[in-house]
Every structure is written in structure tokens, then in C-alpha cells.
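As C-alpha cells, the structure follows; a few thoughts come after it.
Computed from a predicted structure; not experimentally measured. In what follows, every chain begins at residue 1, and chains take the letters A, B, ... in the order their sequences are listed. When reading the values below, keep in mind they use all heavy atoms of this one structure, side chains included, and skip hydrogens, waters and symmetry mates.
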Protein chains: 2
Amino acid sequence: MTYDKHRYEPFAVAVDLAVFTVREGVLEVVLVERGEEPHRGRLALPGGFLRPRESAAEAARRELAEETGVAGGFRLDEVGAYSEPDRDPRMRVVSLAHTALVPHLPEPRAGTDAARALRLPYAEAGPLAFDHDRILADAHRHVGALLETTPAATAFCPPAFTLGELRRVYEAVWGTALDPANFRRKVLGTPGFTVPAPGPARLTGGRGKPAALYRAGPATRLHPPLTHPEGPRS
Amino acid sequence: MTYDKHRYEPFAVAVDLAVFTVREGVLEVVLVERGEEPHRGRLALPGGFLRPRESAAEAARRELAEETGVAGGFRLDEVGAYSEPDRDPRMRVVSLAHTALVPHLPEPRAGTDAARALRLPYAEAGPLAFDHDRILADAHRHVGALLETTPAATAFCPPAFTLGELRRVYEAVWGTALDPANFRRKVLGTPGFTVPAPGPARLTGGRGKPAALYRAGPATRLHPPLTHPEGPRS
DNA sequence: TCAAAAGTGTTCCTGGTACACCCATGA
DNA sequence: TCATGGGTGTACCAGGAACACTTTTGA
């Protein structure tokens, strides 16, 4: 239980961010090109070190704003800690991985740190620096589980959204097609998940019957959960 | 992304352990009495700092052996990271909380560090040092969720166990009574959860029909999950 | 012979899946 | 008028909950 703070090489604590968005029915993730060694020029998850008086959540929000231009209005969840001794060759770094779910990214402004950020479809997020491939895979699994038990899917949508938009979020993250009729009943039958939004109906893609608008409801957990077909099956 | 390792006060990284066991149908947790300031004499979760070349899991297993005498043969799961700046008054400490599920604790030997360890029913685990009340509550919730989707309950049982013993684990962790008949069918109907163990039947408590023995099966996830009554209801 | 726990059978009912069908809009 | 997506209805079926009942032991 004793600890001499100068006896050991210091640890650094970092946050790594898997920033997800859904565009045109495709799950995308934000990556940055590394500007320095190690792994210069390779793609990595955005992230950075905790400052002396920051919690992990605060550091995550700050780094997200700095590196990708996303400022507030997103959902942040903890994925896990990565603490293997040699995961960063420079020094001992313990990373706290988070997911950030954002409705839509403003295009990064040139000249800022955010200019190095790019969006890629999750399926094409190639080999990444450090152990970020593993972190990204864990984060994706984590988001899939969040959609089952929490209203996290609404974090991908604008403030008012149609049930079709919400369904496409689930389909993009889970990679499976869902029955629109059954999805509708499940969502509306889950108390607090969505509430009807006032205002006129909206045309989703131009064609088809205009859809009613909903907003995110007060629930933080989904009862019953929205299980995806693959779950009980595999 | 740059970081000068000597520019800031160093961080310390620790593991905190919520060590659970089920005795006589009661969920118990292992606590230690702090031998030094801060919070000298108060109860706390066992834990300690990561050594320079240890991962969190390695540190957790080492600390568990040192502080409670539990050596190997237990299940370890990650709960989350606690990173608020002032959670430890001595210095900046980021704690990685874990749960350890053990079938039965050997009585701690006097004269070792483990002598300060004690078991308490979870419900009576009073106010703890630091933010350990919150960590313990999170850990308990985490174990409850693990029982639904993983075979974690077998970690509380000896190598060969009866379905009645397994059911009492669920009842102790969830705090609810379960129908023995339905529980039995659910467990046996979940592939890979349990496999019949050779050998004679065992008397659980002396009275009643002798029960068949089972061992933990090869599954790491439960399909379908064992949902508890409170889940979909509340 | 009684209590207690294991184990089996059965009924009821909820909730999920699949799919047919109608509605409202743009092209 | 056709294609497209929103929205409703419904039949089927698996799985969970509740509970009666038999079996096998110790006291």
C-alpha cells in the first residue's frame, strides 16, 4: 500500500477515442494521421494524455474538440483500460479507451489539429498504430452492446429524427437488416426511449410517405432491451 | 500528442479489487483495514499500485495473493477506471477496478498482510475509505450483469457443483428467489454452460434427494442469456 | 412418516418473427 | 402510375413464468 512517487519511472495516463458516426447508413470512425514517431504517418485513434487535474471524461472531451473539431453534444462511454507494459515504445502508458457517438461531423477546418482527422467506414479502418486495432474492435463491440440496453442510438441522430433513421443506425452498427414494422413496435413499446416530437413530418430521402418525428426520451436504460437477431442465435 | 514525461507530477496507476464469494447463500466481499493514513483504521477494498512492468491483470492477481491469500483459480473481470483528480489526497491516482470471483476463501494466516483481510456480507459493507463505496456498488452491478451473459456464476462454485448450489449463487448476487425448476431447465438448455460431472451424486445440505454434479462447460458467453426477473420488469 | 431438496411435466401467456397490406409522397 | 418508405394488422411459434407432482434422502 506504500508508494514512493519518485521510486519508479512515472506512468502516463491517456485516453483513446473511438469516435463513431453513421452517414448514409454506413458506420464511420474518425482517425488521425500521426505526425510524429513512433508510427509517423500511420493512422491511429484520436486521443491524448490526461492533464494533471483532468478526469478521463474531461480529457476525452477536450481531445475530441482539439483533434476532430467535435464540441459537445455527444455521448461518451467508457470501454476499458489498456495497460500492457510495452504497448507504447516511448514510455509506460495506460490508456483509457472511450467511445464517442456523434450525430454528424462538421468538416474539419484546415490549419487546425483537426485538419489531420479523417472519417473512414468502420469496415475499411485498416491497420492502425499501437494496439489501436484491438481497441477499435473492442469499442465496436461495446457500441453494439450499448444499442441493446441503452438509448445510445439516439446519439447518432439529430435532435429530431424519424424511426427510419433510428433503424438505419442499428443496421449500420450491427451489420444486419431489421424488419421496419417490428423495429417500430419495439422502439415505441420501450418506455422512455423516444417521445413524439411536435412539428411537421419529414421526408427522409425525398421519396415515400413523410415520417413522424421523435426526440430522445428520458430513459437511460432500455426495458426490455432491443436484442439483435444475431445475439441469441450464434 | 507530445508528452514530456518530467513536465508533470507523475500519475500512479492502481488496481482496486472487489473480491466476492458466496457462503451459505450470502454474498460476501473481502475488505482490508487500512494500516496507514489517509483513512487509517477504516475499511477499504484490497488493491495496490502497478509495478513498472506489470499489466493491470497481473497486478490484480499479485495483490490478491498478497493481501488476502487467494492464489489463482479465480475469475477476474474489469469494471472500469476511476480517474477523478482528488480521489486520493496523497497524489494523483488512477484506479482500475476489477472484480474477483472466488469459490471459497481460505482463512487468512496471522502474521501476513492477509491477516488484516476480513469477509463481510455485501449488504453490511459499511462506509469505505476513498471512493470505494462507489467502486464496490459498480462492481456489484457488474457481477450481476456478468451472471446474465457469462458463466461467471461457476467461478463461485467448487470444481464440481450441483444446480442447487449454482442457483443459490444467482439468488445471492441478484437478491431474488428463483424457481428451481425453471432455473434448471434454463441452465441445462444453455449450450456449454455446464457439463455433467462423473462421480456420485452429492447431498447439498444433508436433507433432500441427492443432486447430480456438474462442471463448468466450455462456453464463455451464454446464449440465450439468463435474464433475471427484475431486469425486463423495472 | 414428515420435511426438504431434486427433478419432471404441463399450462398459460408474453413477446418476437415473418409477412401481408394500406398510405402518402416524388418522379 | 410506379417505386419507395412509413405505418398497421395478424398469424405463428419459441421461450419464460407459475405451479402441480413425483422421487429420494435425513431426521
Using whole Å, report how far [atom1] of [X] lies from [atom2] of [N].
| X | N | atom1 | atom2 | answer |
| --- | --- | --- | --- | --- |
| B:F183 | C:dA5 | CZ | P | 16 Å |
| B:Y170 | D:dG16 | OH | P | 13 Å |
| B:H228 | D:dA17 | NE2 | P | 11 Å |
| B:L213 | C:dG7 | CG | C1' | 15 Å |
| B:L226 | D:dG16 | CG | P | 8 Å |
| B:L163 | C:dA6 | CG | P | 8 Å |
| A:D179 | D:dT10 | CG | P | 17 Å |
| A:E24 | D:dG5 | CD | P | 13 Å |

_Quick check against the 3.5 Å criterion: does B:T154 have a side-chain atom that pairs as donor or acceptor with the backbone of B:P151?_
yes
* To do: Determine yes or no for a side-chain-to-main-chain donor-acceptor pair under 3.5 angstrom, with A:R42 supplying the side chain and A:L128 the backbone.
  => yes
Consider only side-chain N and O atoms of A:Y82 and A:D16, and report whether a donor and an acceptor are under 3.5 Å apart.
-> no
Can you give me every donor-acceptor pair (side chain of residues 186-196 of chain B, partner residue at least two apart or in another chain, under 3.5 Å) with its distance?
unit_1	atom_1	unit_2	atom_2	d
B:K186	NZ	B:T227	O	3.4
B:T190	OG1	B:K186	O	2.8

Electrostatic pair A:E67-A:R62, nearest N-O below 4.0 angstrom: no
Hits for side-chain hydrogen bond (donor to acceptor under 3.5 Å, both in side chains) against A:R221, two or more places apart or cross-chain, chain-then-number order -> none
Letter by letter from the 5' end, nucleotides 9-16 of chain C scores (B base, S sugar-phosphate only, - none; protein heavy atoms under 4.0 Å) BB-----S
- Phosphate OP1/OP2 of D:dG5 contacted by A:R207 side-chain N/O (<4.0 Å): no
From the candidates D:dG7, C:dA6, C:dA24, the one with an atom nearest any side-chain atom of B:K209 is C:dA6
